[in-house]
Structures are given as structure tokens and as C-alpha cells.
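Below, each value reflects all heavy atoms present in this structure, side chains not excepted, and no hydrogens, waters or symmetry copies.
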Amino acid sequence: MVFKSDQLLIVVSILEGRHFPKRPKHMLVVEAKFDGEQLATDPVDHSDQPEFATELAWEIDRKVLHQHRLQRTPIKLQCFALDPLSSAKETIGYIVLDLRTAQETKQAPKWYQLLSNKYTKFKSEIQISITLETDTKAQVDSFKAKGAPPRDGKVPASLCGVDPKDIVAVLNEEGGYHQIGPAEYCTDPFILSVTIAFATQLEQLIPCTMKLPERQPEFFFYYSLLGNDVTNEPFSDLINPNFEPERASVRIRSSVEVLRVYLAVHSKLQIHLCCGDQSLGSTEIPLNGLLKKGSTEINQHPVTVEGAFTLDPPNRAKQKLAPVPLELAPTVGVSVALQREGIDSQSLIELKTQNGHEPEHSKKRVLTPIKEKTLTEPKSPSVSPIPPQNQTPPTKDDATESEVESLQYDKEPKQNAKGIGSISAPLAQPVAASGASEMVTSGQRIAVPATSHHFCFSIDLRSIHGLEISFPVNCILRYSYPFFGSAAPIMTNPPVEVRKNMEVFLPQSYCAFDFATMPHQLQDTFLRIPLLVELWHKDKMSKDLLLGIARVQLSNILSAEKTRFLGANGEHCWRQTYSESVPVMAAQGLNNRIVDLSYTMTLEDYGLVKMREIFVSDSSQGLSAVQQKPSSPLPASCPSEIQVEPRETLEYKAALELEMWKEMQEDIFESQLKQKELAHMQALAEEWKKRDRERESLVKKKVAEYSILEGKLQKALSELENREQQLASAEMELQRERKELQSERERNLQELQDSIRRAKDDCVHQVGLERLKLKQLEEDKHRLQQQLNDAEKKYKILEKEFHQFKDQQSNKPEIRLQSEINLLTLEKVELERKLESATKSKLHYKQQWGRALKELARLKQREQESQMARLKKQQEELEQMRLRYLAAEEKETVKTEQQELLDIRNELNRLRQQEQKQYQDCREIASGKVGSPQGSALEEGLDDYLTRLIEERDTLMRTGVYNHEDQIISELDRQIREVLAKNIASNQ
């Protein structure tokens with residue numbers, strides 16, 4: 001015998017719903033109540049088909065379960081719509097489950113329709129199953145409702161009753177993390193990080209009426225992460241914001257489900273752009289998309305929410321600001337990542353900066369006391385070393401991959417500064433020359449061939465013009481030439497917009513390369529390998545697009561005219577310059593020209609490299625050349641007696657060397673002054689461009705605002721003009737209607753006066769006519785009154801004569817007899833009419849009755865024939881004997897009836913004779929004393945009734961169907977006897 005446990009679990013599985021309306025700002029919660037204990041599911045999205053996937057359980061023993069089943073205790077499930085912002089619960093409907101349907105065997109779930117459904121247009125249903133399970137960890141204590149144990153990685157049922165708003169992040173200072181949810185259940189480590197990468201069009205947030213501080217204002221981004229206030233490094237340029245991307249991270253100890261509920265409640269991360277203590281704009285980053293229902297991405301790789309989010313100024317509705325076009329909208333690039341601790345996190349956002357380069361890595365701030373190193377950016381005037389691979393953020397597309405490569409190789413603060421480093425192509429040995437006179441170096445020592453020259457190649461991509469495509473292009477140029485010592489791509493920045501029939505000058509398009517190689521290698525490389533310049537279209541909302549490629553033949557500069565100039569140390573150098581425009585051909589499809597590119601390239605030859613070996617520093621990869629100055633030994637002193645020419649004396653040589661040194665120093669000083677002048681001019685040009693861009697952006701903003709105001713004013717002016725026209729037309733219509741009303745009024749008044757006058761005349765004439773009629777009527781009245789009196793007198797006389805004649809006539813017997821005869825004649829006519837109708841009814845009745853009897857006879861005959869066919873031969877003789885007996889009896893009956901009929905006829909003859917006798921007596925009586933007609937009529941009615949009964953009985957007997965023993969024949973005989981008795985009694 002299998003032992004059954006006394007402790008059970010009533011498990012209600014709430015799986016999913018259907019036919020619910022979509023309410024994005026609400027959550028759905030189902031609360032189950034049994035025996036005073038209440039459990040609830042996790043809040044889920046209020047969608048068309050919500051997925052609850054929750055099990056609720058109550059612990060109970062078999063005896064108590066049996067009592068509940070006897071009492072039919074229900075399990076009531078109530079569905080609520082929860083507003084996360086206001087925590088308001090709105091009842092949708094309920095479901096009542098019968099505890100008796102719960103079985104220990106697993107049953108298929110069923111769909112239950114919500115009762116008292118608030119959504120009357122929707123037949124909302126929830127799929128539910130109720131089962132009984134054995135509680136293997138049951139205790140001996142009394143019945144108590146509790147949550148079901150954890151199943152298949154779901155949230156423990158003990159947390160189901162917790163209000164999501166009660167789940168908060170608590171800082172654990174000892175462990176260095178934030179605890180979200182109960183510590184005994186929520187033990188999984190996570191890392192939540194927020195990265196602010198870039199920002200664009202921030203000047204649109206500055207109102208025209210706002211006054212910034214007179215000193216250079218500082219702007220920064222601010223947000224709160226789990227109660228910690230975070231700000232990035234301040235910056236001062238809103239048009240080209242130049243700040244280091246920073247990442248703030250916190251460690252979290254929780255579980256996936258609890259963290260999902262927490263992020264659903266705290267679903268927005270607000271980021272503010274601030275100036276001092278004033279917020280210029282803000283945006284909200286949705287966090288509820290990090291952990292989706294049923295998703296397991298967090299276990300394989302970090303989940304992120306990233307993109308360019310639009311900054312909205314505060315109180316836009318109150319300020320009644322016009323909407324900003326999408327291309328001018330201020331945006332901030334943000335990446336929010338959540339990962340399990342131990343999984344490498346890599347930001348997927350495209351890092352963009354405004355100074356022509358991208359940072360090596362983003363700074364990382366630790367808000368909680370985590371023992372983690374804070375990464376800082378190395379500051380070195382020379383080229384920084386290649387960063388480790390795990391510090392370079394991956395990107396989404398190929399274009400940004402190339403930008404990240406440039407981060408790994410090129411770390412100069414400005415792109416127009418000369419890159420240091422060189423590669424000799426055939427030998428693949430890096431050689432560099434630096435303008436610095438001294439630098440402490442350490443690291444690898446590389447030998448330089450004695451025949452190598454120090455070259456400086458510079459290229460300036462000046463402008464693009466002659467666009468052939470119809471749509472505007474937001475373009476940058478990108479190129480790479482490893483022969484110059486760096487495989488990192490060089491790009492122009494920021495992107496510029498190019499339209500048809502316009503020429504655009506490219507910003508930060510100048511770049512110079514210092515390298516050492518042999519002249520024949522340089523010539524061979526320039527002839528074989530052209531410089532490929534790529535034209536990219538950058539779009540914030542989509543992937544970067546490669547439009548075309550321009551081929552720059554570097555060998556053209558070798559045939560350019562050479563010019564001599566003095567180097568920094570007074571040596572003679574050669575310079576060659578070449579300018580040209582090349583077409584940019586389409587990268588895909590046919591080789592069609594897209595646009596023309598104008599460029600200028602310069603090649604400078606500084607002669608042989610004076611150092612024979614260089615030191616490559618591990619930290620900066622910078623190279624310093626140690627100048628080898630030739631020392632000329634002093635000549636030996638000659639004897640005094642020897643006469644030396646003046647040009648051969650030491651004083652003359654010293655003076656000559658001094659003069660040459662002065663000339664050389666003057667040339668160096670002039671070149672330095674030119675360089676400083678060029679640097680200052682470039683700085684002034686950059687500052688002028690910067691201020692010009694600021695003024696241009698402000699002018700654009702003003703123009704946009706004024707265009708919007710102009711549109712509003714034009715709209716208002718058009719509305720006023722339309723309204724004025726409407727008012728003018730309405731006024732003209734009003735005047736016209738007023739004139740019409742005035743003329744109508746005058747016409748009506750004239751008609752009224754005419755009608756009054758005519759009415760008065762008619763009344764006077766009518767009064768005259770009435771008076772004449774009245775007078776004539778009075779005369780007629782007198783005449784008629786006289787005639788009436790005469791007629792009354794004649795009537796009285798005639799009335800007296802009529803009474804006298806009437807008295808005379810009433811006394812005569814012939815008159816009275818005649819009146820009696822008239823009355824009898826009328827009665828006779830009436831009786832004849834009744835007799836005729838009765839005769840017709842009798843004939844019709846007889847016909848119907850005969851038909852019915854014949855039909856009945858046929859039916860009986862058919863029945864008898866069917867019965868006769870089944871009888872045997874012995875029954876035929878008995879039937880014949882019976883027929884003979886019936887025939888004899890019939891003869892006797894007929895004889896008896898004939899005798900009765902004879903007696904009846906005799907009686908009828910006697911009655912007729914008496915009636916005739918009475919009639920004759922009545923005629924002979926002259927005094928008018930006659931018998932009562934009512935008595936004779938009664939006797940005549942009895943005779944007719946008796947005759948009819950006898951005829952009906954004879955008709956029935958003649959059919960052969962009935963005999964004297966039948967009930968109908970007996971009833972007719974009884975009625976005949978009664979009529980005879982009445983007739984005899986009336987005669988007596």
C-alpha cells in the first residue's frame with residue numbers, strides 16, 4: 001500500500017491571458033485569496049496577451065482540505081491594472097475557482113473568462129490550472145498560506161506579495177555593492193554602467209533671453225545612479241563640445257527577476273545638461289528594456305540601451321517654444337549597460353568627438369567602495385603607446401571600426417600637428433625624426449641606413465565641389481598610407497554638409513608625416529601605390545555609408561618644381577608643392593563621378609639623416625635625434641717670424657665664422673619668427689573660425705526662430721485679412737439685409753394701412769347689409785308666427801276629427817277580425833321561412849351524415865374483410881349462423897318498428913284532424929275569440945321534431961351498419977318516446 005502524505009500544496013498556475021486591451025503605462029497584477037490568505041503575481045505589461053507565468057501555492061493537510069471541499073470554499077482571483085507612477089490599483093474583473101476540481105494528477109490548463117469585466121468590449125480570459133501536490137518539506141504546524149517554493153528559476157513565491165515600490169537599492173559598505181531585494185534570495189552579482197560619449201547641437205538649448213556668466217561658462221552633464229550624483233568633466237564650448245567620454249559603474253547584488261521588477265518601477269534615468277545650478281535641458285533613458293520578460297541574454301553577454309537621445313529644454317510647454325527640426329535637435333550619446341560580474345563589458349556606442357580624434361578609452365568612476373582601479377587618460381606630448389585590446393570599445397559598423405583603429409595608433413591632440421614616426425617600406429623598420437632637440441629615451445635601439453633621407457610629406461584636402469547627386473551629403477574624408485609610418489586612418493572632422501552647386505572647405509584637413517627612407521624607395525612607392533581617399537556619408541540615425549573613392553597619384557609631386565629653403569639648423573632643404581582636383585568615383589555600381597576634390601600636397605627633403613641609430617620609447621614611441629656637431633680642431637700656432645696672410649689668421653677665420661654664424665642665426669630666427677607667425681595666424685584663424693561658427697549657429701538659431709515667428713505672423717496676418725474680408729462681406733450683407741428689411745417694413749406698413757382701410761369700408765358695408773337683413777328677418781318672423789298660429793289651430797281641429805273617427809272604427813267587428821288575420825298571416829310567413837331553413841339544414845345534415853356513415857361503413861367493411869381473411873374455415877359456418885340469427889332478429893325488429901310507425905301515423909292523422917277542426921272553429925267565431933296560436937305552433941313543432949327523429953332512425957337502420965342494440969338507435973327511440981309523451985300530454 002502506497003503511503004500518502006497528509007501535507008499538500010494547493011498550486012494555482014496563472015500562465016497567460018488573452019483579449020486584453022493595450023495600456024502601455026499600466027501593469028497587470030493577479031491577486032489570489034483563499035481562506036483569508038492572499039498571494040499575488042509579479043506585475044507584467046498590460047498588453048494584448050500578458051504572460052504571468054506564476055505559480056501560487058497554499059500549504060494544507062488532507063483533513064482541512066476535506067472540510068473546505070465540504071464547505072465549498074472558493075479560491076477568488078482578482079485582476080488589477082497597476083499604475084507604476086501613482087501606484088493606483090484599478091479593478092478589472094475576478095475569477096472564482098472551485099476547490100473540488102483540484103486533483104493530485106496533473107490537469108491541462110483551462111481558459112477562464114473574467115467576471116464583471118471592466119473592459120466591456122473585450123472578452124478577457126486567463127489561462128489557469130489548479131492542482132494538488134505533495135509537500136515533501138511539510139511541517140507539522142497548523143495551516144498557513146505561503147508562497148510556493150522556487151520552480152525553474154522563477155522568483156520565490158515569498159516575494160510575490162511584496163509591493164514593487166518597496167524594493168529599493170541599499171548600499172552594503174562592507175561588501176562594496178548595492179543590495180536590491182532580500183539578501184537570502186538575491187545573490188547574483190551584476191554591474192550597471194552608464195557612459196556619456198558625445199553631444200551635438202547643444203547651443204539650441206540656450207534661450208535668446210538667457211544671460212550666461214561673463215567669464216567662460218562651464219557646462220556639464222548630471223545624473224543620479226542608484227542615489228549617487230554623477231557629473232562628467234565640465235566643458236565650455238557648446239558648439240563643439242570637447243569632453244572625455246566617462247563611464248560610471250556600480251556593483252549590484254540581486255537576481256534577474258527582482259532586478260527586472262526594480263527596473264520596471266525605476267524605468268527612467270534622467271540626464272541633465274547643467275550650467276552651474278541651472279538645468280538647460282534633460283532627457284530620459286528607458287531602463288525597462290534592459291531585462292525583457294523571459295530573455296536570457298544577460299547570461300551570455302551584457303545587455304545595453306544606447307543611442308543618441310534628444311535633450312528637451314525645461315518647461316517647453318510653459319515657454320511655448322516651437323519644435324526644433326530633427327537635424328538641429330540637441331542630442332547626447334548615452335550607453336547604459338548591465339552585465340553579470342565576470343563578463344567583459346564593451347560599450348557598443350559610437351564614440352564621437354569634435355576635435356578630430358577619439359579618446360583611447362573612457363574614464364571609469366566607481367561610485368561604491370569597490371576595489372577597482374580607476375582608468376585615467378595618459379597625458380603625454382608625444383604619441384601614446386598602443387592601448388590594450390580590451391580597452392578599445394567595439395563599434396557597430398565598419399566606419400566606426402576604422403575610427404577606433406585611429407584611437408589605437410594616433411593620439412595627437414590636433415590632427416594638423418605633424419605625426420611622428422616613419423617606416424622604411426622595404427626594410428619594415430620604423431625610423432622617426434623629431435623637432436625636439438633633446439628627449440630622454442629608453443627602449444629598443446634601431447639602426448638607420450646611412451643613405452636614408454629625412455622627408456616630410458604634408459597633404460591638405462582643401463575643398464569638395466561639383467556634387468552630382470540629388471540629395472545633400474554629410475561627409476567626411478578618410479585615407480591611410482602605411483608607408484608614412486602609420487596604418488591608422490586619417491579623417492576630417494566634424495562632418496560637413498555638401499549640396500549641389502556649392503563648394504565646401506573641409507575642416508581639419510591638413511596632416512603632415514615625418515619619415516626617413518631612401519629616395520629611390522620613395523620614388524618607387526609613389527609610382528606604384530596611389531593614395532586612396534574615401535568619401536563617407538555620416539548619419540546619426542543610420543549606418544555610415546561609403547559613397548566613393550578618389551585616387552591621388554603621389555608621383556605627381558616628384559615632377560613638381562623644387563625650391564630651396566633653410567632648415568631649422570641652417571642646412572639647405574628642398575621643397576616640392578603640387579595642387580590638383582581629382583574626381584571622386586562611386587564605390588558601388590558604375591564608376592560615375594560623384595564630386596571633385598581639391599587638394600595640395602608638399603614634399604620636403606631635409607637631407608641625410610644625421611643620426612645612425614634611434615631609441616624607441618615604450619611609453620611615447622617618440623624619437624630624439626642627437627645632433628652630431630663636427631668639431632674642428634684648432635690649428636697649431638705658427639712661429640712669429642713667419643708672415644701669415646690676413647685671411648689665414650685666426651682672428652679673420654673667427655670673424656668669418658662669427659659672421660656666418662650670425663647669418664645662420666638670423667635665418668633661423670627669421671624661420672622661427674615665420675613659424676611663430678604662422679602658428680599665431682593659425683590660432684587666430686581657428687579662433688576666428690570658432691567664433692564665426694558660434695555666430696553662424698546663433699544666426700541660424702535666430703533665423704530659425706525668426707522664420708517660425710514670421711510664419712506665425714504671416715499666418716496671423718492671413719487670418720486677420722480673412723477675418724477682415726469676412727467682416728467686410730458680413731457688413732455689406734448686413735447693410736443689404738437692413739435695406740431689404742426697411743423696404744419690407746415700409747411695404748408691409750402700406751399694405752397694412754390699405755388692408756385696414758378696406759376692412760373698415762367692408763365693415764361699414766357689412767353693417768348696412770346686416771341691418772337690412774335684420775329688418776327683413778323680423779318681417780319674416782312676424783309672418784311665420786302668424787302662419788304657425790293658423791297651423792296650430794288647424795292641427796287641433798284635425799286631431800279631434802281623427803279621434804272621433806278612430807273611436808268609430810274600433811267599434812266595428814270586421815276591423816278587429818281583419819287585424820287578427822293580418823297578425824296570423826305574418827306569423828305564418830315567419831314560420832314558413834323557418835321551416836324552409838330547417839328543411840335545408842336537415843337535407844345538408846342528412847347528406848353529411850350519409851357520407852360519414854358510408855365512409856364508416858367502408859372502413860368497417862375493410863376491417864371485417866381483413867379479419868375474415870385470417871379466420872379459418874370453421875369460423876365461416878359460425879358466421880353464417882350468426883348472420884341468420886341477426887336476420888331473423890332484424891325482421892322482428894322491423895315488424896315492431898312498422899307497427900310503431902303505423903301507430904304514430906294514426907296519431908299524426910288524428911292530430912291533424914284536430915288542428916283542422918280548431919282552425920275551422922276559429923274562422924267561424926265572429927266575436928274574434930280564437931285559440932292561442934302559440935299552442936298550435938308548439939304542437940306543430942313537436943310533430944315536426946317527432947317526424948325528423950323517426951326519419952333519422954330509419955335512415956340509420958337502412959344503412960345496415962346499426963341495429964337496435966346500438967347506443968345511437970336506443971337514444972333516438974328514447975327521444976321519440978319522450979316526444980310522444982309530451983304530445984299526448986299537451987292534447988289532454
**Q** Using the rule given for ring-ring contact (aromatic ring centres under 6.0 Å, His included), can you reason through His19 versus Tyr119, listing the C-alpha separation, both sets of side-chain angles and the distance that settles it, and then say yes or no?
**A** CA-CA 10 Å; His19 307 314; Tyr119 307 126; over 10 Å; no
**Q** Would a 4.5 Å heavy-atom cut-off, applied to side chains only, mark Leu287 and Val305 as touching?
**A** no
**Q** Does a side chain donor of either Thr200 or Thr331 reach within less than 3.5 Å of an acceptor in the other side chain?
**A** yes
**Q** With the threshold set at 4.0 Å, does a side-chain nitrogen-carboxylate oxygen contact exist between Asp61 and Lys63?
**A** no
**Q** Can you give me the closest heavy-atom contact between Phe20 and Cys79, atom names plus distance?
**A** CE2-SG, 4.3 Å
**Q** Would you say Met27 and Pro84 make side-chain contact, with heavy atoms under 4.5 Å?
**A** yes
**Q** Rounded at 0.5 Å granularity, tell me how far SG in Cys275 sits from CZ in Phe220.
**A** 8.0 Å
**Q** Verify, without hydrogens or angle tests, whether Ser129 (side chain) and Ala108 (backbone) share a donor-acceptor contact under 3.5 angstrom.
**A** no
**Q** Quick check on Glu51: does its CD atom have over 12 non-hydrogen neighbours (other residues, nucleotides or ligands) under 6.0 Å away?
**A** no
**Q** Regarding Asn172 and Arg253, do their side chains bring together a donor and an acceptor under 3.5 Å, going by distance alone?
**A** no
**Q** So which atom in Leu338 and which in Ile298 form the shortest heavy-atom distance, rounded to 0.1 Å?
**A** O-CD1, 3.3 Å
**Q** Strictly distance-based, threshold 3.5 Å: is any side-chain N or O of Ser254 a donor or acceptor partner for the main-chain N or O of Ile180?
**A** yes
**Q** Who passes salt bridge (charged side-chain N to carboxylate O under 4.0 Å, His left out) against Arg69, sequence neighbours left out?
**A** none
**Q** Answer whether the closest heavy-atom distance between the side chains of Gln7 and Glu59 falls below 4.5 Å.
**A** yes
**Q** Does His266 use its side chain to pair, donor to acceptor, with the backbone of Tyr262 at less than 3.5 Å?
**A** yes
**Q** Kindly assign one of parallel, tilted or perpendicular to the pair Phe219 and Phe235, based on the angle between their ring planes and the thresholds 30° and 60°.
**A** tilted
**Q** With a 4.0 Å cut-off, would you call Lys22 and Asp48 a salt bridge?
**A** no
**Q** Mark yes or no for whether Glu184, through its side chain, and Cys186, through its backbone, hold a donor-acceptor pair below 3.5 Å.
**A** no
**Q** The criterion is side-chain contact (heavy atoms from CB on, under 4.5 Å); which residues satisfy it with Glu284, sequence neighbours excluded?
**A** Lys268, Gln270
**Q** Is a side-chain donor or acceptor of His46 paired with a backbone partner of Pro21 at a separation under 3.5 angstrom?
**A** yes
**Q** Are Phe52 and Val30 side-chain neighbours, meaning at least one heavy-atom pair lies under 4.5 Å?
**A** yes
**Q** Determine yes or no for a side-chain-to-main-chain donor-acceptor pair under 3.5 angstrom, with His178 supplying the side chain and Ile252 the backbone.
**A** no
**Q** Can a donor-acceptor pair be found between the side chains of Asp83 and Ser86 at a distance below 3.5 Å?
**A** yes
**Q** Hey, is Lys89 close enough to Glu31 for a salt bridge, meaning N to O under 4.0 Å?
**A** yes
**Q** Whether Lys76 engages the ring of Phe34 as a cation-pi pair (distance to the six-membered ring centre under 6.0 angstrom, angle to the ring normal within 45°) should be assessed.
**A** no
**Q** Under 3.5 Å, is there a donor-acceptor pair between the side chain of Asp544 and the main chain of Lys538?
**A** no
**Q** Looking at residues at least two apart in the chain, or sitting in another chain, which of them share a side-chain contact (heavy atoms from CB on, under 4.5 Å) with Gln103?
**A** Thr105, Gln107
**Q** Taking the side chain as everything from C-beta on, heavy atoms only, tell me whether Asn117 gets closer than 4.5 Å to Ile92.
**A** yes
**Q** Using the rule given for salt bridge (Lys or Arg N to Asp or Glu O under 4.0 Å), can you reason through Lys106 versus Glu133, listing the C-alpha separation, both sets of side-chain angles and the distance that settles it, and then say yes or no?
**A** CA-CA 9 Å; Lys106 192 171 183 181; Glu133 296 184 5; over 6 Å; no
**Q** Looking only at heavy atoms, what is the nearest atom pair of Glu246 and Thr231, with distance?
**A** OE1-O, 3.9 Å
**Q** Between CG of Leu290 and OG of Ser267, what distance do you get to the nearest 0.5 Å?
**A** 11.0 Å
